[in-house]
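I have placed the structure first, in the form of structure tokens, so that the comments after it can refer back to it.
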Amino acid sequence: MTHATDSSRNLLRTCPLCEAVCGLELTLDADDHIRSIRGDHADPFSRGFICPKGATLGHLDEDPDRLTAPMIRDRATDTWRAASWDEAFGVIRERLPQVSAEYGNQAVGLYLGNPNAHTVAGALYVPLLIRALATRNLFSASTADQMPKQVASGLMFGDPLTVAVPDLDRTDYLLMLGANPLESNGSLCTAPDFPGRLKALKQRGGRFVVVDPRRTRTAKLADEHLFIRPGSDAYLLFGIVHTLFAENLTTVRIAVSGLDEVRAAAAPFTPEVVAERTGVPAETVIRLARELAAAPTAAVYARIGTCTAEFGTVAQWLVDVVNVLTGNLDSPGGAMFPTGAALGIVRTRPFRTARWTSRVRELPEAMGEFPVATLADEILTPGAGRIRAMVTVAGNPVLSAPSSARLDTAFADLEFMVSVDRYLNETTRHADVILPPPRITQAPHYDFALLNFAVHNYARYSRPLVPLADGELSEAEVIARLALAVSGQEPQEGLDPLTMVDEIVIAGTLHKAGMAHRRAELLGDNTTEQRIDLMLRLGPYGEWAAGAPATPTATQTHGTTGTATDAAAEGPHLGRATGDTGSAGSVPPPGGLNLQVLLDNPHGVDLGPLRSRLPGVLLTASRQVELAPPQLLDDVARLRDRLAVEAPEMVLVGRRQLRSNNSWLHNVPPLVGGSNRCTLHVNPEDVLRLGLNGVAVVKSAAGTVTVEVEATADIMPGVVSLPHGWGHGDSTQQVARAHAGVNANVLTDDSLVDAPSGNAVFNGVPVTLSPA
């Protein structure tokens, strides 16, 4: 990298704060402080785009409230003190195995937060911790977010990580439900500069329609916005499916099973029937179906607003049913399957759920984890198998999980808890030991998960920008040593736990690939980089691709997760450097990708547009797209029965904010205030009807909050909205405490879940409002 002045230097890395994976150019001074951040214009994917979150990465990196040493809590006085790493791991090594020895392995639970999907440590080393704990009580942010999409994809395509994304840069028609990428930057759809891509769609003559109970910033950009009653997306999609069949508008271009079963399931959901439930007129439902069928290319995309509803999995299933019926699945300009560059774990069997069930409510497992909506049950309910100790990694479920007040009580009841986290927050305040990772700039970065949901195939690796100080541990080292400690083991004299783990993984992977003799060829300054090099070489674009398993493959991180492919690919195209910030290197031959290529091209490598991947990517028993999974047809009966139940008068939905990311950016001064406030959006008609006087009391079956009202015609009557991630009233984080807001999940109910996936229900929550 070049030096901007004698005392500063310009460096490149990927932003780790959301799913957009934007390239950043940072200026650091001689003392390793970030002085400025710009978008990386030479990045072939993000092309200089940057949002307010990425622009303030320096504030988060050096937050004065960030923990810089392990912390140990004295339970008797509820006070904290700093400790050495050896002392902290010693406490864990003594206490946690005691719980397992007395009550069994199932007495320990593990919760993984969203940031695990954005780190190398989360992808490569958290599985080690899972194996060390040997518990089925695994929970993550997935069941508060995306599990319906992954379950639907798993049942249709055989792999929950084989997720179709809209081919944004080539589509002529985009129907978007329950998503707001102008605020979120995209979700399960990695697309830096989502706003620019949507504008380009319109500029090339395409059409863009948004369906949402709120007129979001994304909806205002669209050609058309349709209000819809929260939680009714599955009805609207079924109305479209019904019309496609009724008017003979289907064009199925791929091998599928279950077409007749889907036709029969859609029969009761006529446009007139679904109009009554959704609030979308029957003629509009019919028009949407006709437009999707007639467009040269089209894609349906639905996200968190539809996932976090009572029929989230059915809605996500129907998204791809419509894509199939209109001939747009696995077709350029439609919904396609990305090809990630890094090889992952080989899946050999079709996906299924409910391999085991939770102790208290008998909720089904999905992707190896239980719904977070039942975590409090498992802690508070007496009996064999009760959770008595917890490990949390980069998560704040006290704010992010449903019935959060109940979960707060549950965590206080634990016998022991350890957290890997950079903050003392609403969740980690219950821990006995907190293990903080280092600064963001001290970590390497490769998006194992998110690049497998990208709308354009691409790869980029960033080395740490700032070295670790003497005595500091990397996040990977923290997790590796934690895995030893929870097993009651101490590091062996002269053996680094991280290197030991990596060597075992590298040896095993090379053996399975028949390439044990090539160990010495792996590149990298350490074994973590050598693992990345190995995954790139064995991946679909790699120089050892011919030796990779000829089956669909996946990397699972128990949060957001990613897939690789078994198909060979054309050679990558490299992002050229501008100015003197870095060198793009030379284009490798087809199948020549390895770590060195990414190091030589720090702006990233363009691996080409999305390509058709069926049937090779399928792992279903039939080796076809299974259009009518029995588990989902069973839930259709419940959806049909719900038509007879009267809809509540007033319901609550969530809200994304551009300058916020769950709960962990509320301590960044430039990001709080302005539009980034915790207010209740209420339609003016409802404000007048209910006599709200600026502050409202909101009640649900789970709890009550008092919150400032913000009247806006951008939300439909009968719906109110609170942003998630707030409620920092007793936080130790100074800025967050000064802008506390209220916790929306005091109002959500952990007894309500989407049946097939177990995902929590955050949208469509019945509430009542009254003046404060």
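As the structure is a computational prediction, the values presented were derived from the model and not from experiment.
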Distance-minimising heavy-atom pair for [X] and [Y]:
X: Val372; Y: Ala401; value: CG2-CB, 4.0 Å
X: Val398; Y: Thr427; value: N-OG1, 3.0 Å
X: Ala628; Y: Glu261; value: CB-CB, 3.7 Å
X: Pro166; Y: Ala299; value: CB-CB, 3.9 Å
X: Met176; Y: Pro181; value: SD-CD, 3.5 Å
X: Pro160; Y: Met367; value: CB-SD, 3.8 Å

Can you check whether [X] reaches [Y] side chain to side chain, under 4.5 Å on heavy atoms?
X: Leu259; Y: Phe245; answer: yes
X: Leu325; Y: Val252; answer: yes
X: Phe157; Y: Leu614; answer: no
X: Asn137; Y: Phe370; answer: yes
X: Phe139; Y: Ile387; answer: yes
X: Cys189; Y: Val455; answer: yes
X: Val698; Y: Leu652; answer: no
X: Arg613; Y: Thr162; answer: no

One pair to check against side chain to side chain contact (heavy atoms under 4.5 Å, CB included): Val314 and Leu237. What are the steps and the verdict? CA-CA 9 Å; Val314 170; Leu237 289 164; over 6 Å; no

Could you verify whether a donor N or O on one side chain and an acceptor N or O on the other, from [X] and [Y], lie under 3.5 Å apart?
X: Asn745; Y: His724; answer: no
X: Ser622; Y: Glu626; answer: yes
X: Arg303; Y: Ser187; answer: yes
X: Asp421; Y: Thr428; answer: no
X: Gln657; Y: Trp726; answer: yes
X: Thr306; Y: Gln316; answer: yes
X: Thr392; Y: Ser419; answer: yes

Kindly say whether [Y] contributes a backbone atom to a donor-acceptor pair with the side chain of [X] at under 3.5 angstrom?
X: Ser142; Y: Met147; answer: no
X: Ser721; Y: Gly654; answer: yes
X: Asp447; Y: Ala449; answer: no
X: Ser331; Y: Gly334; answer: no
X: Gln146; Y: Lys149; answer: no
X: Ser700; Y: Leu747; answer: yes
X: Gln106; Y: Thr135; answer: no
X: Asn328; Y: Thr326; answer: yes
X: Glu19; Y: Leu188; answer: yes
X: Ser403; Y: Asp750; answer: yes

Report the C-alpha distance between Thr278 and Arg229 in whole Å, list the side-chain angles of each, state the deciding distance to 0.1 Å, and finish with yes or no for side chain to side chain donor-acceptor pair (under 3.5 Å). CA-CA 5 Å; Thr278 64; Arg229 293 196 181 101; over 6 Å; no

Separation of [Y] [atom2] from [X] [atom1] (nearest 0.5 Å):
X: Leu627; Y: Leu329; atom1: CG; atom2: CG; value: 9.5 Å
X: Leu639; Y: Leu632; atom1: CG; atom2: CG; value: 11.5 Å
X: Asp413; Y: Leu407; atom1: CG; atom2: CG; value: 11.5 Å
X: Asn661; Y: Cys18; atom1: CG; atom2: SG; value: 7.0 Å
X: Asn114; Y: Asn396; atom1: CG; atom2: CG; value: 12.0 Å
X: His242; Y: Thr270; atom1: NE2; atom2: OG1; value: 5.5 Å

Got a salt bridge between [X] and [Y], using NZ or NE/NH1/NH2 to carboxylate O under 4.0 Å?
X: Arg136; Y: Glu369; result: no
X: Asp377; Y: Arg386; result: no
X: Arg359; Y: Glu378; result: yes
X: Arg406; Y: Asp749; result: no
X: Arg638; Y: Asp641; result: no

Answer yes or no: does atom CZ of Arg361 have more than 12 heavy-atom neighbours from other residues, nucleotides or ligands under 6.0 Å? yes

Return yes when atom CZ of Arg349 has more than 12 non-hydrogen atoms of other residues, nucleotides or ligands closer than 6.0 Å, and no otherwise. no

Evaluate Phe238 against Val636 for side chain to side chain contact (heavy atoms under 4.5 Å, CB included), listing each step before the verdict. CA-CA 10 Å; Phe238 249 139; Val636 170; 3.8 Å; yes

Salt bridge (Lys or Arg N to Asp or Glu O under 4.0 Å), that's the test. Do Arg640 and Asp635 meet it? Break it down for me. CA-CA 9 Å; Arg640 187 173 58 247; Asp635 212 37; over 6 Å; no

As a quick check of understanding, evaluate side chain to side chain contact (heavy atoms under 4.5 Å, CB included) for Asn743 and Val705, giving each step before the final call. CA-CA 8 Å; Asn743 183 0; Val705 300; over 6 Å; no

Counterpart residues, side chain to side chain contact (heavy atoms under 4.5 Å, CB included), relative to Ala647 (two or more places apart): Arg277

Using the side chain to side chain contact (heavy atoms under 4.5 Å, CB included) rule, pick out the option among Val653, Val765, Val761, Asn759 that qualifies with Thr308. Asn759

Report the C-alpha distance between Phe351 and Gln150 in whole Å, list the side-chain angles of each, state the deciding distance to 0.1 Å, and finish with yes or no for side chain to side chain contact (heavy atoms under 4.5 Å, CB included). CA-CA 10 Å; Phe351 171 74; Gln150 299 198 265; over 6 Å; no

